[in-house]
Undergrad: 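Dropping the structure in here first, questions after.
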Amino acid sequence: MTELERVLHERIARDGPLPFGAFMQLALYHPRHGYYSGGRPRTGWRGPFVTSPELDPSYGELWARAVAKVWEACGSPDPFAVVEVGPGEGGFAHALLSALDGELRRAVRYRLVERVPQVQERQRERLAGFDAEWSASITELPRSEHGVVFANEILDNLPVHLVERRDGELLEVCVES
């Protein structure tokens with residue numbers, strides 16, 4: 001039995017069946033044993049799966065073109081916020097920032113939202129030499145008049161509640177030992 005399984009069994013024994021959303025929250029974000037918060041590489045060639053930004057820098061380069069178009073449509077403001085929520089191992093940020101040039105490169109204020117300190121440290125190493133800032137939560141971001149938010153695959157990482165219909169009634173799905 002893993003440490004996370006032990007935590008889940010203890011919680012269910014103490015509190016009873018766990019709503020699926022609470023189960024998912026613990027499985028993904030338990031401070032020491034959660035899949036995303038444990039600090040291990042999650043994506044990229046060292047993690048258990050590879051995402052589009054890690055496969056090839058062209059993914060970030062294409063998005064840099066889109067960012068440039070939005071920036072121009074906004075009147076080329078300076079500053080221009082680019083916020084990435086759930087930046088993985090920093091591959092997207094590295095590719096996008098590498099592709100920016102000229103006035104846009106000077107205008108962009110790149111902000112990564114990463115809640116796990118060990119992952120944030122790996123991102124800082126990968127993005128050394130680029131002007132970027134980090135926040136642990138979107139609530140910590142400074143206000144921006146102009147910008148874009150990028151959230152690649154973040155919806156996969158959000159705890160959800162599950163319900164099912166039985167005899168015409170909606171019931172929440174719970175996890176039991």
Side-chain angles (χ1 to χ4, degrees), residues 4 21 24-161:
L4 180 59
M24 196 171 171
Q25 175 72 30
L26 282 169
L28 295 177
Y29 297 108
H30 182 276
R32 288 194 4 236
H33 311 300
Y35 179 77
Y36 287 107
S37 57
R40 296 172 306 281
R42 306 171 295 200
T43 61
W45 301 107
R46 297 183 314 173
F49 58 91
V50 179
T51 62
S52 299
E54 298 294 335
L55 280 174
D56 192 296
S58 62
Y59 186 77
E61 292 164 2
L62 288 170
W63 277 102
R65 290 182 192 173
V67 167
K69 287 182 180 188
V70 172
W71 176 67
E72 290 167 2
C74 290
S76 304
D78 186 351
F80 186 75
V82 176
V83 176
E84 184 179 357
V85 182
E89 297 297 316
F92 177 79
H94 189 276
L96 188 140
L97 289 167
S98 296
L100 298 179
D101 58 11
E103 288 181 47
L104 177 56
R105 183 179 204 130
R106 287 185 291 281
V108 162
R109 303 299 180 268
Y110 204 94
R111 295 181 172 91
L112 297 94
V113 179
E114 174 58 61
R115 62 197 265 178
V116 180
Q118 302 96 313
V119 178
Q120 194 178 104
E121 186 55 38
R122 289 196 303 272
Q123 293 162 355
R124 287 180 189 277
E125 289 173 15
R126 189 166 190 179
L127 299 175
F130 290 107
D131 187 18
E133 297 174 15
W134 278 260
S135 298
S137 167
I138 59 172
T139 61
E140 297 174 7
L141 293 171
R143 189 175 191 290
S144 298
E145 291 295 320
H146 305 283
V148 297
V149 176
F150 186 80
N152 188 50
E153 301 177 30
I154 194 68
L155 294 177
D156 297 350
N157 307 326
L158 298 177
V160 297
H161 289 274

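Each residue takes its place number in the sequence, starting with 1. Everything numeric in this text was worked out from a predicted model, so none of it was measured.
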Undergrad: So, the side chain of Glu61 versus the backbone of Ala95: is there a donor-acceptor pair under 3.5 Å, distance only?
TA: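 Side chain of Glu61 to backbone of Ala95: no pair is present.
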Undergrad: Between Arg126 (side chain only) and Glu89 (backbone N and O only), is there a donor and an acceptor less than 3.5 Å apart?
TA: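 Such a contact is found between Arg126 side chain and Glu89 backbone.
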Undergrad: Test of understanding: with side chain to side chain contact (heavy atoms under 4.5 Å, CB included), list the residues that count as partners of Ala66, not counting sequence neighbours.
TA: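 Partners of Ala66 by the side chain to side chain contact (heavy atoms under 4.5 Å, CB included) criterion, ordered by chain and then number, come out as Trp63.
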Undergrad: With a 4.5 Å cut-off on side-chain heavy atoms, are Val70 and Phe80 touching?
TA: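 Side chain of Phe80 against side chain of Val70, heavy atoms only: contact under 4.5 Å found.
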Undergrad: Got Asn152 and Tyr59 here, is their nearest side-chain heavy-atom distance under 4.5 Å?
TA: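 Yes, their side chains come closer than 4.5 Å.
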Undergrad: Take Asn157 and Met24 through the test side chain to side chain contact (heavy atoms under 4.5 Å, CB included) and record every step on the way to the result.
TA: CA-CA 9 Å; Asn157 307 326; Met24 196 171 171; over 6 Å; no
Undergrad: For a side chain to side chain donor-acceptor pair (under 3.5 Å) check, start with the C-alpha distance between Gln120 and Arg124, then their side-chain angles and the critical distance, and finish with the verdict.
TA: CA-CA 6 Å; Gln120 194 178 104; Arg124 287 180 189 277; 3.1 Å; yes
Undergrad: Between Tyr29 and Val116, does the side chain to side chain contact (heavy atoms under 4.5 Å, CB included) criterion hold? Intermediate values first, please.
TA: CA-CA 9 Å; Tyr29 297 108; Val116 180; 5.9 Å; no
Undergrad: Quick check: do Tyr35 and Leu4 have side-chain heavy atoms less than 4.5 Å from each other?
TA: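 No, every pair of side-chain atoms sits at 4.5 Å or beyond.
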Undergrad: Taking side chain as C-beta onward, heavy atoms only, is Arg111 less than 4.5 Å from Ser144?
TA: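 Side-chain contact under 4.5 Å: yes.
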Undergrad: Which residue pairs satisfy the salt bridge (charged side-chain N to carboxylate O under 4.0 Å, His left out) criterion with at least one member in residues 96-108, sequence neighbours excluded?
TA: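 Residue pairs with at least one partner in residues 96-108: there are none.
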Undergrad: Enumerate the ring-ring contact (aromatic ring centres under 6.0 Å, His included) contacts for residues 101-128, please, sequence neighbours excluded, ordered by first and then second residue.
TA: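 For residues 101-128: none.
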Undergrad: Is it the case that atom CG in Asp131 sees more than 12 heavy atoms from other parts of the structure closer than 6.0 Å?
TA: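 It does not: Asp131 CG has 12 such atoms or fewer within range.
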Undergrad: Rounded to the nearest 0.5 Å, how far apart are CH2 of Trp134 and CG of Leu141?
TA: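 That separation rounds to 13.0 Å.
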Undergrad: Tell me the closest heavy-atom pair linking Arg109 and Pro79, and the distance in Å.
TA: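 Looking at all heavy atoms of both residues, the shortest contact is CG-CB, 3.7 Å.
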Undergrad: Do Glu140 side-chain atoms and Ser135 backbone N/O form a donor-acceptor pair below 3.5 Å?
TA: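 Side chain of Glu140 to backbone of Ser135: no pair is present.
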Undergrad: Of all heavy-atom pairs between Leu100 and Leu104, which one has the smallest distance, and what is that distance?
TA: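 Heavy-atom minimum between the residues: CD2-CD2, 3.6 Å.
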Undergrad: Step by step, would you call Leu127 with Leu112 a side chain to side chain contact (heavy atoms under 4.5 Å, CB included)?
TA: CA-CA 11 Å; Leu127 299 175; Leu112 297 94; 3.9 Å; yes
Undergrad: Which pair of non-hydrogen atoms, one from Gly90 and one from Glu54, has the smallest distance, and what is that distance?
TA: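 Of all heavy-atom pairs spanning Gly90 and Glu54, the closest is N-OE2, 4.1 Å.
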Undergrad: Could you check Phe130 against Ser98 for side chain to side chain contact (heavy atoms under 4.5 Å, CB included), going step by step and ending with a plain yes or no?
TA: CA-CA 8 Å; Phe130 290 107; Ser98 296; 3.3 Å; yes
Undergrad: Is a donor on one side and an acceptor on the other found under 3.5 Å between the side chain of Trp71 and the backbone of Pro77?
TA: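 The answer is yes, because a donor-acceptor pair under 3.5 Å joins these two groups.
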Undergrad: For Gln123 and Gly88, work out which heavy atoms get closest and say how close.
TA: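 In terms of heavy atoms, the two residues are closest at NE2-O, 2.7 Å.
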Undergrad: A quick test of your reading: do over 12 heavy atoms of other residues, nucleotides or ligands sit less than 6.0 Å from CD1 of Ile138?
TA: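 Counting other residues, nucleotides and ligands, CD1 of Ile138 stays at 12 neighbours or fewer.
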